[in-house]
Amino acid sequence: KENLSTLSTMTQIRTRSPNISIILPLFLLIITVIFRLPTFNKPFDLEYESFQAFLGREAITGNGFYSMPWSMRPPGESFYYGLIYKIFGFENWELNVRIITSLLYGLTSMAIFFISKKLFGLTAGIASAVFFTLYSSRADVFKSTGSYAEMLMPFTTIIGLLLFLLSQN
C-alpha cells in the first residue's frame, strides 16, 4: 500500500511540474533578446540597412518600389521594414526594427527546438536550440547583429518546416 501511495504522489508531482518543452523555448526567447540588448541603440549601417529602411518607407508612403534605377533589389526585406514602420510608426524606428529582429531570432530558436525535438529527441532539441541562440546572438557573426536577409530567410524557412512537421500528425 505504501509503495502505491508513493507512486501516486510521484505521478502527481510529475504531472504538476513545468514541462521543459514549454519552459526551455520561452527561456531561449528571453535569452536571445537579452543577448541582443547591446544592439538596440546602434544606428542602421549606411550601406545596407539604411537603404532597405528607405525602400520600406517609400513603399508604405505610396512611392512604391523600383521607382529609381538603383532600387532594383528583391522586395522581401523592404516589406519587412515597411511593415514595422506601418505598425509602430517612424518614431524610434531603428529601435523597433532591432526589437522585432530579436524576437524573430528568438522565435527561430524556439522553432529549431521543436523541430529537433520532434525529429531527434529532447537532447538534440536542447542542443540545437542553445547552439543557435548563442551563435545568432554574437555581434561578430551576423553582420553586427543587424536586421538583414540572413535573419529573415532562416526564420521563414524554419517556421515553414515546423508547420510541415506539425501537419504530419
Main chain of Phe113, side chain of Ser116: is a donor-acceptor contact present, judged purely on distance under 3.5 Å? no
Please evaluate residues Leu26 and Met110 with respect to the criterion side chain to side chain contact (heavy atoms under 4.5 Å, CB included), reporting the C-alpha separation (whole Å), side-chain torsions for both, the decisive distance (0.1 Å), and the verdict. CA-CA 7 Å; Leu26 292 175; Met110 291 171 70; 4.2 Å; yes
Under the side chain to side chain contact (heavy atoms under 4.5 Å, CB included) criterion, do Phe120 and Ile115 qualify, and how do the steps go? CA-CA 8 Å; Phe120 306 109; Ile115 290 169; over 6 Å; no
With distance as the sole criterion, is a donor-acceptor pair present between the side chains of Thr133 and Ser109 under 3.5 Å? yes
Side-chain donor-acceptor pair under 3.5 Å between Thr101 and Tyr80, yes or no? yes
Can you measure from [atom1] ([X]) to [atom2] ([Y]) and round to the nearest 0.5 angstrom?
X: Leu29; Y: Ser102; atom1: CG; atom2: OG; value: 9.5 Å
X: Leu104; Y: Thr32; atom1: CG; atom2: OG1; value: 11.0 Å
X: Leu162; Y: Leu107; atom1: CG; atom2: CG; value: 11.0 Å

Below 4.5 Å, heavy atoms only, C-beta onward: do [X] and [Y] meet side chain to side chain?
X: Phe132; Y: Tyr105; answer: yes
X: Ile100; Y: Phe88; answer: yes
X: Lys117; Y: Thr123; answer: no

Locate the shortest heavy-atom distance separating Glu91 from Asn96; write the atom from each residue and the value. O-ND2, 3.4 Å
Heavy atoms of Ala111 and Ile159 approach each other most closely as CB-CD1, 3.8 Å
Yes or no on side chain to side chain contact (heavy atoms under 4.5 Å, CB included) for Ile158 and Phe114, after CA distance, side-chain angles and deciding distance? CA-CA 10 Å; Ile158 289 169; Phe114 289 120; over 6 Å; no
